[in-house]
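Single-structure report; data block below.
Whatever order the structure lists them in is the order used to number ligands and atoms, beginning at 1.
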Amino acid sequence: MNKKYTILVTGGAGFIGSALVRHIISNTDHKVVNIDKLTYSGNLESLESITEDKNYIFEQVDICNSKKLTRVFEENKPDIVIHLAAESHVDRSIDGPLEFIQTNVLGTYFLLESSRIYFKTLQGPKKDNFRFLHVSTDEVYGDLKSNSDFFLEETRYDPSSPYSASKASSDHLVRAWHRSYGLPVLITNCSNNYGPYQFPEKLIPHVILSAINGKKIPIYGDGTQIRDWLFVEDHIHALMDVVFKGVIGETYNIGGNNEIQNIEVAKKICAILDNLMPENLNGISSYSELIAYVEDRPGHDVRYAIDSNKIKSNLGWIPKENFESGILKTVQWYLENLSWSDRIQNGNYKLKRIGVNKK
Ligand SMILES: NC(=O)c1ccc[n+]([C@@H]2O[C@H](COP(=O)([O-])OP(=O)(O)OC[C@H]3O[C@@H](n4cnc5c(N)ncnc54)[C@H](O)[C@@H]3O)[C@@H](O)[C@H]2O)c1
């Protein structure tokens, strides 16, 4: 990792993308070219700490715009592409699938084509070192039926929502561009992430901010859905391991080994807030009294759980945080950065769970 590379990151103004960009700029000598359309979930404020760095470039580009993509490749001559740009919210995909097909499927196609055409022009070590890392989700595998099952890299794809179907399609395209055109790709399928700078429509920031604001904390169905939670910085280390040490053409599952029911996640957050912010309780004895069960989302998968043994044994990746330590850091971050989430909630997004009808 002593060489200095130019890394093209798509979706670098989003939750995981911004954590990746901050990590690369703060901890390595690599250059980052961040291209992002800046949809509702992209936020340049998440990158304020590194925006002035000489190794950082931002361009507002839609990955569906192949002309602009071609120019970005020609001007920056990247060594590595890490593709995170996506529409990422399941509820929104159920309400309006088209944007998911556009960005996640067509956008990935345009990015693959630009990468392929650029890759053909490369020679020598620049060609040998080129990598295209596609960042995907465990949701492509669908639902786990038994409590003893885990998603393996070989698990059959069985997506349930338009979001997961669009990500599954993009995974297939990436594999096809490797097998048909020799593009040196890698794929990661990761479980649910949480941590600083996550857009408040997702479960964990939603619970934290609802509680802080004294609003009802909506939990889908009976709250027994199980997710495998991973602290975002552990995901970033995994992505760096895969891009620099992974085997071309391979897929790596990434999970936190933290299987927790949604209702337990909400209760843990409430307990942390009871300790950190008792003065804000306003007459109730615990923030958990704000929890309200709401009508479940259609096709809600019951359990996801990842087997991460391949990335652990082949690449030596180990997550540093368990759920207890990661969730404490996350709640503390939101409490210390209320102005960040205030600005988001003062925009179009009003801290409402999308697609939810109250029971
Ligand atoms: N959040 C998770 O728990 C999780 C878990 C596993 C995998 N992933 C994957 O990781 C990636 C990032 O997820 P996230 O949670 O950071 O999402 P996010 O919604 O926070 O960020 C997505 C970013 O992509 C940008 N974007 C959207 N459409 C674009 C387009 N057409 N052109 C260019 N930029 C565009 C947005 O502006 C935003 O900055 C996604 O591909 C997602 O499928 C997420």
Side-chain angles (χ1 to χ4, degrees), residues 8-22 33-47 58-66 68-69 72 81-93 98-111 114 133-141 151 159 161-171 174 187-206 227-232 234-236 238-239 242 251-256 258 265 304 306 308 326 330 344 349:
L8 177 65
V9 175
T10 74
F15 165 48
I16 301 172
S18 69
L20 176 69
V21 173
R22 289 192 303 273
V33 180
N34 173 16
I35 60 169
D36 196 299
K37 181 181 172 182
L38 297 181
T39 65
Y40 77 96
S41 73
N43 188 348
L44 290 178
E45 281 183 49
S46 309
L47 293 160
F58 172 72
E59 285 212 45
Q60 187 167 3
V61 172
D62 181 341
I63 57 164
C64 296
N65 186 330
S66 78
K68 280 197 182 169
L69 282 181
V72 168
V81 176
I82 306 183
H83 176 34
L84 298 108
E87 287 294 334
S88 69
H89 190 45
V90 175
D91 295 338
R92 285 181 192 265
S93 82
L98 181 58
E99 271 177 282
F100 287 72
I101 309 303
Q102 246 150 12
T103 287
N104 301 359
V105 185
L106 272 179
T108 300
Y109 157 75
F110 285 121
L111 187 69
S114 301
L133 169 57
H134 176 60
V135 179
S136 192
T137 165
D138 62 351
E139 300 198 26
V140 297
Y141 300 123
F151 296 133
S161 69
Y163 164 65
S164 49
S166 69
K167 290 297 290 187
S169 310
S170 66
D171 293 8
V174 172
I187 297 178
T188 55
N189 293 93
C190 187
S191 61
N192 277 38
N193 283 218
Y194 67 100
Y197 297 103
Q198 187 168 28
F199 195 81
E201 68 188 352
K202 302 285 171 75
L203 178 70
I204 287 182
H206 197 86
R227 299 293 176 263
D228 177 359
W229 292 96
L230 182 69
F231 192 60
V232 65
D234 282 323
H235 187 190
I236 301 311
L239 296 179
V242 170
T251 295
Y252 296 89
N253 280 354
I254 307 169
N258 291 302
V265 169
Y304 301 147
I306 281 265
S308 315
T330 305
I344 285 181
Y349 180 68

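Ser164 contributes atom OG, which lies 10.0 Å from atom CG of Asp138 (distance to the nearest 0.5 angstrom). Rounding to the nearest 0.5 Å places CG of Asn192 at 8.5 Å from SG of Cys190. Remark: Glu139 CD to Ser161 OG distance equals 6.0 Å, nearest 0.5 Å. Rounded to the nearest 0.5 Å, atoms CD1 (Ile63) and CG (Leu111) are 6.0 Å apart.
Below 4.0 Å from some heavy atom of Ser136 lie the following atoms of ligand 1, by number and element: 6 (C), 7 (C). Each of the following atoms of ligand 1 lies closer than 4.0 Å to a heavy atom of Gly42: 37 (O), 38 (C), 39 (O). The ligand atoms of ligand 1 that sit less than 4.0 angstrom from a heavy atom of Thr39 are 27 (C), 28 (N), 36 (C), 37 (O). Within ligand 1, the atoms closer than 4.0 Å to a non-hydrogen atom of Asn192 are 3 (O), numbered from 1 in the order shown. Which parts of ligand 1 touch Asp62 is read off a 4.0 Å heavy-atom cut-off, strictly below it: atoms 30 (C), 31 (N), 32 (N). Set against the non-hydrogen atoms of Ser191, the atoms of ligand 1 under 4.0 Å away are 5 (C), 6 (C).
Of the N or O atoms in Cys64, none lie within a sub-3.5 Å distance of an N or O in ligand 1. Taking only nitrogen or oxygen atoms, main chain and side chain alike, Glu87 does not reach within less than 3.5 Å of ligand 1.
Taking atom 34 (N) of ligand 1 as the reference point, the nearest protein heavy-atom neighbour is Lys37 N, 3.0 Å. Atom 6 (C) of ligand 1 has its closest protein heavy atom at Cys190 O, 3.3 Å. Nearest protein heavy-atom neighbour of atom 3 (O) of ligand 1: Asn193 N, 2.8 Å. In terms of protein heavy-atom proximity, atom 22 (C) of ligand 1 is closest to Ala86 O, 3.5 Å. Among all protein heavy atoms, the one lying closest to atom 15 (O) of ligand 1 is Phe15 CD2, 3.8 Å. Distance from atom 16 (O) of ligand 1 to its nearest protein heavy atom, with residue and atom name: Ile16 N, 2.8 Å. Summary of contacts: the protein heavy atom closest to atom 21 (O) of ligand 1 is Gly14 CA, 3.3 Å. When hydrogens are left out, the protein atom nearest atom 17 (O) of ligand 1 is Ser88 OG, 3.3 Å; that is the closest non-hydrogen contact.
Residue contacts with ligand 1 do not include Tyr40, since none of its heavy atoms lies under 4.0 Å from the ligand. Residue contacts with ligand 1 do not include Ile35, since none of its heavy atoms lies under 4.0 Å from the ligand. Distances shorter than 4.0 angstrom do not occur between any heavy atom of Thr10 and any atom of ligand 1.
For the residues Tyr197, Tyr163, Tyr194, the heavy atom positioned nearest atom 42 (C) of ligand 1 is part of Tyr163. For atom 38 (C) of ligand 1, the choice among Gly107, Ser41, Ser18, Ala19 with the nearest heavy atom turns out to be Ser41. Selection from Val140, Ile63, Thr188, Val232 by nearest heavy atom to atom 32 (N) of ligand 1 gives Ile63. One option in Val61, Thr108, Leu106, Val135 has a heavy atom closer to atom 9 (C) of ligand 1 than any other, and that option is Val135.
Residue contacts with ligand 1, taken as heavy atom pairs separated by less than 4.0 Å, involve Leu38 solely via the backbone atoms N, CA, C and O. If you look at His83 next to ligand 1, there are no close heavy atoms at all, none under 4.0 Å.
The 12-atom threshold is not exceeded at OH of Tyr109, counting heavy atoms of other residues, nucleotides or ligands nearer than 6.0 Å. For Glu45, the CD atom counts as densely surrounded, since its 6.0 Å shell holds more than 12 non-hydrogen atoms of other residues, nucleotides or ligands.
Side-chain N or O atoms of Thr103 include none that pairs as donor or acceptor with a backbone N or O of Glu87 at under 3.5 Å. Between the Asn193 side chain and the Phe231 main chain, no donor and acceptor come within less than 3.5 Å of each other. A donor-acceptor pair under 3.5 Å is formed between the side chain of Asp228 and the backbone N or O of Ile306.
Residues Phe151 and Asn189 form no side-chain contact, since every pair of their non-hydrogen atoms from C-beta on lies 4.5 Å or further apart. Using a 4.5 Å cut-off on side-chain heavy atoms (C-beta onward), His89 and Phe199 make no contact.
Between Arg92 and Glu201 there is a salt bridge, since at least one side-chain N of the basic residue sits less than 4.0 Å from a carboxylate O of the acidic one.
Ring centroids of Tyr304 and Tyr141 are separated by 6.0 Å or more, keeping the two rings apart.
Checked against ring-ring contact (aromatic ring centres under 6.0 Å, His included), His134 has the following partners two or more places apart in sequence or in another chain: His83.
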